[in-house]
Number of protein chains: 2
Amino acid sequence: MIPVANSRSDSPMPSLPQPRRIPRQSRSRALVEAILEATARVLTERGYAGTNTNLVAERAGVSVGSVYQYFPNKDALLTALHERHAAEMHAAMERALGSPSAAGADTRDLRSKLASLVQAWLAAHRVAPELHRVLEKEFPFFDAPADQSPTDQGIRQRIRALLDEHRSEVVPQDPELATWVMVQTMESLIHAAVIPPGAPCSAEAAGQAIVDLLAGYLCGQARRALP
Amino acid sequence: MIPVANSRSDSPMPSLPQPRRIPRQSRSRALVEAILEATARVLTERGYAGTNTNLVAERAGVSVGSVYQYFPNKDALLTALHERHAAEMHAAMERALGSPSAAGADTRDLRSKLASLVQAWLAAHRVAPELHRVLEKEFPFFDAPADQSPTDQGIRQRIRALLDEHRSEVVPQDPELATWVMVQTMESLIHAAVIPPGAPCSAEAAGQAIVDLLAGYLCGQARRALP
DNA sequence: CCAGATATCGAGCAAATACTCATGTTTGGA
DNA sequence: TCCAAACATGAGTATTTGCTCGATATCTGG
């Protein structure tokens, strides 16, 4: 093993995990796709420590060399997968909330919007809980601390904007802090609800509880009265 | 490397990480202590992947062989450290809340008790944030899923008892679910507040916010009015 | 249809590292 | 004082694995 990748204790200024080569032809784009898919499969089956590049290549029906044409090292595979996941969450959020202050403003109250968002994210996570477990709980993220990618920042900003739209209903004073609490809470609890052993109830009930938690903090109101 | 330790894909029934030999003389107890201390230091400096048993032994001023006298494999070191941390949290909790239904019952309201607990845990975590980061976010926990040790269960039970004591003030119906929400939220947000980049505010403010979040969920009341 | 660009291949190297075991040292009770 | 059990040692081994590189194949613009 060549220590270049283990930058934690070596390089003070870690290089960004950029693809070594950009796939131009459709052939190579399919190859990259196959590699990522295989990575997800192997990761799901064997966890982070059980995953190695040779195996990923084999499962993708590709040679190791090809993997290293497009990914500078093993962790870049995971980073790419994580980024893809973040993008999916971002997309799900936009679908649930709409873009901020777009035409035809969303007139629902804050609680309803939160419920949509939590529902959407829960659903997205239930697709591959074990993969998310590995990505969130096993991946070291040496060089690229999670929650710092542009996509993650986009998510934070959208939440911030949501609180801003509803600032009249929102009790906490510091919007920075309120955003932080929101994002951390949603991510943690959604992951905890979905990955084994999971919440001690149905996914719907867990979603309800998360919404109650968030709405209670933001609006200082008891959970919604039953109809 | 011998595959015995990597049980994820191999052994269906992983053996418990019991010490290979129990230290009887004070000499060996000191040795075990030195090993754990060194593990914590190395883990803090170099992260999970950068930590190896040879280095730990060297840093502890001990030979590798001695490490393997008392710990069956590398992960057992981490597990021991994690268990020790859980025990500290348990102790801090007992100090903050007292044992349930003990003589001289604690007459404070739920919110005050929550505030004590959050304060105590925050303080305990601020001692070695980087170590906690590694323990919580890098350690794979192959065989012993976190939050399943007897100590962790003890923590859950105590929280459950707390909610029970105050069941008249508590709004959520399902106590199982409420306990789960509490524990998950506290652990996640306290970790997030302490480990870099941390909360966008002082530790005190973060603590306040966490208490607001929990109290809002449990009691359905707005944050405490300023005096 | 060819020349350069792009893509793929995979045997094998170099390094890392978890763990063993044969041997030596210390301890504490009888 | 003596001895058996407990303790400590650390060079060495067996294995894993991230990654390279020179050879080969395929594509595409002119």
Side-chain angles (χ1 to χ4, degrees), chain A residues 1-10 15 17 19-35 38-39 42-43 46-79 140 142-143, chain B residues 1-10 15 17 19-35 38-39 42-43 46-79 140 142-143:
Chain A
M1 192 224 271
I2 278 162
V4 153
N6 294 350
S7 60
R8 169 157 291 277
S9 50
D10 309 315
S15 59
R20 181 162 296 192
R21 157 182 289 198
I22 295 160
R24 296 167 206 281
Q25 306 175 1
S26 70
R27 180 170 50 138
S28 47
R29 277 193 293 272
L31 182 135
V32 166
E33 202 51 42
I35 291 171
T39 305
V42 174
L43 230 34
R46 315 188 31 141
Y48 179 80
T51 298
N52 62 288
T53 53
N54 292 335
L55 180 60
V56 167
E58 188 188 317
R59 290 290 191 89
V62 163
S63 87
V64 228
S66 295
V67 172
Y68 283 92
Q69 291 288 334
Y70 301 98
F71 299 93
N73 55 51
K74 173 183 170 179
D75 282 354
L77 290 169
L78 286 259
T79 303
F142 286 130
D143 300 329
Chain B
M1 191 223 270
I2 280 162
V4 154
N6 293 350
S7 62
R8 171 156 289 276
S9 51
D10 309 313
S15 59
R20 179 161 299 193
R21 154 180 290 197
I22 294 162
R24 296 166 206 279
Q25 306 175 0
S26 69
R27 178 168 52 137
S28 47
R29 277 193 294 271
L31 181 137
V32 167
E33 202 51 42
I35 290 172
T39 305
V42 173
L43 229 34
R46 315 186 33 141
Y48 179 80
T51 297
N52 62 287
T53 53
N54 292 335
L55 180 59
V56 166
E58 189 189 318
R59 290 290 192 88
V62 161
S63 86
V64 227
S66 295
V67 172
Y68 283 93
Q69 292 286 336
Y70 301 98
F71 298 92
N73 55 52
K74 173 183 168 178
D75 282 354
L77 291 170
L78 287 259
T79 303
F142 285 131
D143 300 329

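Proteins come first, then strands; the chains are lettered A, B, ... in the order of their sequence lines, and each starts at number 1. Side-chain atoms are counted along with the backbone in the values below, which use heavy atoms only and exclude waters and symmetry mates.
- Each of D:dC19, C:dT27, D:dT9 was ranked by its minimum atom distance to the side chain of B:Ser66; first place goes to D:dT9.
- Between the CZ atom of A:Phe71 and the P atom of C:dT8 there is a distance of 12 Å, given to the nearest Å.
- When distances are taken from the side chain of A:Leu31 to each of D:dC19, D:dT9, C:dT8, the shortest belongs to C:dT8.
- For A:Arg27, the listed nucleotide lying nearest its side chain is D:dT26; candidates were D:dT26, D:dC7, D:dG10.
- Ranking D:dA8, D:dT20, C:dC19 by closeness to the A:Tyr68 side chain, first place goes to D:dT20.
- Side-chain proximity of B:Lys74 to C:dC19, D:dC7, C:dA11: nearest is C:dC19.
- Minimum interatomic distance between B:Ala57 and B:Val67 (heavy atoms only, all atoms of both residues): CB-CG2, 3.9 Å.
- Distance CZ (B:Arg46) to P (C:dA16): 10 Å, rounded to an integer number of Å.
- The CZ atom of A:Arg20 lies 8.0 Å from the CG atom of A:Asn73; values are rounded to the nearest 0.5 Å.
- Taking the side chain of A:Arg24 as heavy atoms from C-beta on, and the options C:dA11, D:dT9, C:dT6, the nearest nucleotide is C:dT6.
- As rounded to whole Å, 11 Å separates atom C1' of D:dG12 from atom CG of B:Asn54.
- Within the 4.0 angstrom heavy-atom criterion, no nucleotide atom of any strand lies near B:Val67.
- Side-chain proximity of A:Thr53 to C:dC9, D:dG18, D:dA8: nearest is D:dG18.
- In this structure, CZ in A:Arg29 is found 11.5 Å from CD1 in A:Ile22, a value given to the nearest 0.5 Å.
- Comparing C:dC19, C:dT6, D:dC19 by their closest approach to the side chain of B:Val64 singles out C:dC19.
- Remark on DNA chain C: of its neighbouring residues B:Thr51 and B:Ser26, the 5'-side contact belongs to B:Thr51, judged by nearest-heavy-atom nucleotide.
- At whole-Å resolution of the value, CD in B:Gln25 and P in D:dA8 are 7 Å apart.
- Residue A:Arg21 places its side chain closer to C:dA7 than to any other of C:dA7, D:dT9, C:dC19.
- For the pair B:Glu58 CD and D:dA8 P, the interatomic distance rounds to 18 Å; values are reported in whole Å.
- Closest contact between the side chain of A:Arg20 and the listed nucleotides C:dA7, D:dT20, C:dC9 involves D:dT20.
- Atom CZ of A:Phe71 is separated from atom CG of A:Leu78 by 10.5 Å, given to the nearest 0.5 angstrom.
- Rounded to whole Å, the distance from CD1 on B:Ile22 to P on D:dA5 is 17 Å.
- The base of C:dC19 does not come close enough to the side chain of B:Asn52 for any donor and acceptor atom to sit less than 3.5 Å apart.
- The CG atom of B:Leu55 sits 19 Å away from the P atom of C:dA15 (whole-angstrom rounding).
- The distance from atom CD of B:Glu33 to atom OG of B:Ser26, rounded to the nearest 0.5 Å, is 12.5 Å.
- For A:Tyr70 and D:dC19, the OH to C1' distance is 17 Å, given to the nearest whole Å.
- Atom-to-atom distance recorded for B:Leu77:CG and B:Tyr70:OH is 13.5 Å, nearest 0.5 angstrom.
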